[in-house]
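Residue numbering restarts at 1 for every chain, and letters A, B, ... go by the order of the sequence lines. Values reported hereafter were calculated over all heavy atoms of this structure, with side chains retained and with hydrogens, waters and symmetry mates removed.
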Protein chains: 2
Amino acid sequence: MKRIADSTVRRLSAYLRFLEESARKGVTTISSDELAKRGGTTSAQVRKDLSFFGSFGKRGLGYSVGELIDSLRDILGLGRQWNVIIVGAGKIGTALAQYEGFRRRGFLVSAVYDRDQRKIGEVVSVTGGQHVIRDIAQIERDVAREKPDIAVLTVPGEDAQGLVDRLVKAGIRAILNFAPVQLRVPNEVALRSVNMAMELESLSFALSNRANAEGADS
Amino acid sequence: MKRIADSTVRRLSAYLRFLEESARKGVTTISSDELAKRGGTTSAQVRKDLSFFGSFGKRGLGYSVGELIDSLRDILGLGRQWNVIIVGAGKIGTALAQYEGFRRRGFLVSAVYDRDQRKIGEVVSVTGGQHVIRDIAQIERDVAREKPDIAVLTVPGEDAQGLVDRLVKAGIRAILNFAPVQLRVPNEVALRSVNMAMELESLSFALSNRANAEGADS
DNA sequence: ACATGTGAACTGCTTCACAGCG
DNA sequence: CGCTGTGAAGCAGTTCACATGT
């Protein structure tokens, strides 16, 4: 398979959300142009994005909403459940643990970790249940045994790289990082970072230079 | 001024963080190569990024850590305080309100809003203080009067676009969106989105297509 | 007639490579 | 001599434009 740009994947995800919304409204057919308007892109871009994976439309007509939803879910690997562990039970970690969007899309929080002895053993709510906070000290053992798919990192910046190294060694294959640091992982591990400091500073820059205010939205 | 790529601004932000860390360690001089290694890029990229704004280094030597920190803070517009309002006092909104990183970089939470009558009037902690949750109904009036710089949106997806329209009309110039929807704003308003669903789906895609696991990190 | 699918053109970010200067 | 600053080359992602299929 050809290498797919990250920007393409993000757009596919956006198309999927809009398609699901359209389906709920009873729309059954949609054109690349309508899809583009809502996704903040162009019809050519939509068609190009989809073309990497096959032909999903009918010429002269557009796309079947239902079929395209199925295809996109398949392309994005959303046809299964992914087990997610949350590493760091601070404010953001516990807030994420309860995020409804996780479950709705097949991401199940299977464990929550912290290193603070006072928190370990406490019960936290997660979407669709509860978990006892586990000790980060046992994370290698747990990851090796339970093989979670994704680790969400919500620990202080100074602890992040060390934990990543441990998680990678234990066999994790995907990490979503919220710590405000640049992490290093081997090529075979997928890493995405959400860096609030960076987003805020980018807004600060835009505000200080009106020329760049123009909305380059992720 | 020349148009600056978004990717450049994000890297500048990363350089700044690393420089501040180096300064704390007592490092006084640094080369583009060292800066690149930690920022996950190349030395040529570092020099090109900086070159858009001037010449900051000494040939044969490198950059003065202190001077470059000052220059970057200036470029990014971090020499002043920015007032931030948080719109939506749910789990994520309240967690963000307490985020230490806000204050440390000059972003001050100046108000918190919700539309839920049961929450309005409640007290929430924010970094360095407390706020009484205000009624979203009064947000236009407050924005017009208090002129906050940035609105952080942490409301349900279905309410997001409506609120953005109101905020923009009231005069907001920058928005950091956490709702999982694609927002539309006029060109003169700066918008950044953090979309967790998108990040997770992008990891799901990477896990389902090992070829793409390679870490394209934001 | 209409909207897709796609090679070709284009744009802009990244990398290269070296002249310039401390 | 070493490292910066930068024009030029390379490359990747986007846009164009039209042939194709219904």
query: Taking atom OG1 of A:Thr154 and atom CG of A:Asp159, what is their separation to the nearest 0.5 Å?
result: 11.0 Å
Trace of the ring-ring contact (aromatic ring centres under 6.0 Å, His included) decision for B:Tyr15 with B:Phe18: CA-CA 5 Å; B:Tyr15 305 154; B:Phe18 178 51; 9.2 Å; no
query: Does B:Asp6 come within less than 4.0 Å of B:Arg192, counting only side-chain N to carboxylate O?
result: yes
- prompt: Where along residues 11-28 of chain B does a heavy atom come under 4.0 Å from DNA chain C, residue by residue in number order?
  reply: B:Arg11
query: Rounded to whole angstroms, how far apart are CZ on B:Phe52 and P on C:dC13?
result: 7 Å
- request: Remember a base hit wins even if backbone is also touched, and classify A:Ser43 as base, sugar-phosphate or nothing at under 4.0 Å, heavy atoms.
  value: nothing
message: If you compare every side-chain N and O of B:Thr42 against the phosphate oxygens of C:dT15 (OP1, OP2), does one of them come in below 4.0 Å?
response: yes
query: When you check every protein heavy atom under 4.0 Å of nucleotides 17-22 of chain C, what one-letter string (B, S, -) results, 5' to 3'?
result: B-BBBS
- prompt: Do you know which of B:Val109, B:Val152, B:Asp142, B:Leu167 makes side chain to side chain contact (heavy atoms under 4.5 Å, CB included) with B:Ile85?
  reply: B:Leu167
message: Measuring from atom CD of B:Glu34 to atom CG of B:Leu19, what distance do you get when rounded to the nearest 0.5 angstrom?
response: 10.5 Å
- request: Might you work through the side chain to side chain donor-acceptor pair (under 3.5 Å) test for B:Asp49 and B:Gln45, ending with a clear yes or no?
  value: CA-CA 6 Å; B:Asp49 286 340; B:Gln45 182 76 78; 3.2 Å; yes
field: Pair A:Lys169 + A:Asp165: basic N to acidic O under 4.0 Å
entry: no
query: Is it true that B:Glu140 and B:Arg145 make a salt bridge, defined as a side-chain N closer than 4.0 Å to a carboxylate O?
result: no
- prompt: Between which nucleotides of DNA chain D, 5' to 3', does chain A make heavy-atom contacts below 4.0 Å?
  reply: D:dG13 to D:dT22
field: B:Glu201 with A:Arg10: basic N within carboxylate O range, under 4.0 Å
entry: no
query: Would you call B:Glu21 and B:Arg17 a salt bridge, using N to O less than 4.0 angstrom?
result: no
query: Would you find more than 12 non-hydrogen atoms of other residues, nucleotides or ligands less than 6.0 Å from B:Arg166 atom CZ?
result: yes
- prompt: Phosphate oxygens OP1/OP2 of C:dC13: is one of them under 4.0 Å from a side-chain N or O of B:Gln45?
  reply: no
task: Could you check how far CG of B:Asp6 sits from P of C:dT14, rounded to whole Å?
output: 10 Å
